[in-house]
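Structure, as C-alpha cells:
Chain letters run A, B, ... following the sequence lines, proteins first and then strands; every chain starts at 1.
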Amino acid sequence: MNITRKWASKKQRALEILVRLKRLYPNAPCTLNYATPVQLLVATILSAQCTDERVNLVTPALFGQFPDAEALAKAEPVEIENLIRSTGFYRNKAKNIQAACRILVAEYGGKVPPSMEQLLRLPGVARKTANVVLAHAFGINAGVTVDTHVKRLSYRLGLTKNTDPIHIERDLIRLLPSDDWENFSIRIIYHGRAICKARNPACEACLLSDLCPSANVRE
DNA sequence: ATCCCGAGGG
DNA sequence: CCCTCTGGAT
C-alpha cells in the first residue's frame, strides 16, 4: 500500500502533516531557557546530544556567573567545564563556547551576529544551531532546524530519502512554506519525544499514521 | 568514519 | 549491558 498514492503530491502530504502537527501541539515554544541572544546561542551549543531539560538544569548557574559574552570570554575554561559537565561533551562545549564568545566580543560588540554566514564561522556552530538562534533570537527564517528528531521523523514520514542533515534540510525547505520552517521543527521534535521515539515508536497512538509510510512496519 | 562525553531508560 | 538525547569538528 502506497501512502503517497492517496495524496496528490509529497508536498501536499507535507502540508497535511504540518496542519496535523499544529492541531496536535497548538503551543510549541522553544524549550531552552535563556534571557538574551548570547544565552540562547550558548544554550543551543550545550544542547548537542543532550536534552533541553538537562541544559536548563545547568544554565541558571552558568549564566548566573557568566551572564554575557564578555564574562564567558574571560572565564577560566575549567570553571565553564565544571558548570556544564552534566551536559556531556563538556570539554569541547566549553572550548567552543569560550572561543565563540571571544569572537562575539572581538568582532560583534559582544552580540550575536544576525546572519547564517556569520554564525557558521563560530566554533561549535553549524546549521542546526544557527537556525535555532536566527529563528528565535531574530525571527529570521534561514532554514529548517534538522536535529536528531527532525532527521528521524522526516525519514520515517517519507519527506526525504536522505540521511544527512544538509540534504534533509534542503528537501524540507522545498516542501514547506518558509514561515513554517521553525515551528515545523519544534513540533516534529515534540512529536519525536512523545510518540515517534527512536526506539519504540508508538504508531498506534500516532495521529499521523495514515500519512506515514513507516507506520506499524517496524519490528 | 570517528571522536567527544554524561545521564537516563530499557 | 546498549541505545538515545534539539551536533560539530577532524
Look at D164(A) together with R170(A) and state whether they make a salt bridge at an N to O cut-off of under 4.0 Å. no
Check for me, please, whether V55(A) and F89(A) land in the same ILVMFWY cluster - side-chain distances under 4.5 Å, paths through other members count. no
What integer distance in Å separates I97(A):CD1 from dG7(C):P? 14 Å
Of T145(A) and L122(A), whose closest DNA chain C nucleotide lies nearer the 5' terminus? T145(A)
Side-chain N,O (R91(A)) to OP1/OP2 (dC5(B)) below 4.0 Å: yes
Proximal nucleotide (of dG8(B), dG7(C), dT6(C)) relative to the D52(A) side chain: dT6(C)
How far, in whole Å, is dT6(C) from dG10(B) if one measures between their P atoms? 15 Å
Starting from P on dA9(C), measure out to CZ on R121(A) and report it in whole angstrom. 14 Å
If we ignore angles and hydrogens, is there a donor and acceptor under 3.5 Å between the side chains of T31(A) and D52(A)? yes
Let me spell it out: for each of P123(A) and E182(A), pick the nucleotide of DNA chain C with the closest heavy atom. Which residue's pick is nearer the 5' end? E182(A)
dT4(C) versus dC4(B) - spacing of their C1' atoms, nearest Å: 16 Å
What's T129(A) touching, base or sugar-phosphate or nothing? Going by heavy atoms closer than 4.0 Å. sugar-phosphate
Looking at dG7(C) and F89(A): do their rings stack (centroid distance under 5.5 Å, interplanar angle under 30°)? yes
Rounded distance in Å - NZ (K93(A)) to P (dC5(B)): 10 Å
C1' spacing across the pair dC3(C) / dC5(B), given as an integer number of angstrom: 15 Å
Under a 4.0 Å N-O cut-off, is there an ion pair linking D180(A) with K22(A)? yes
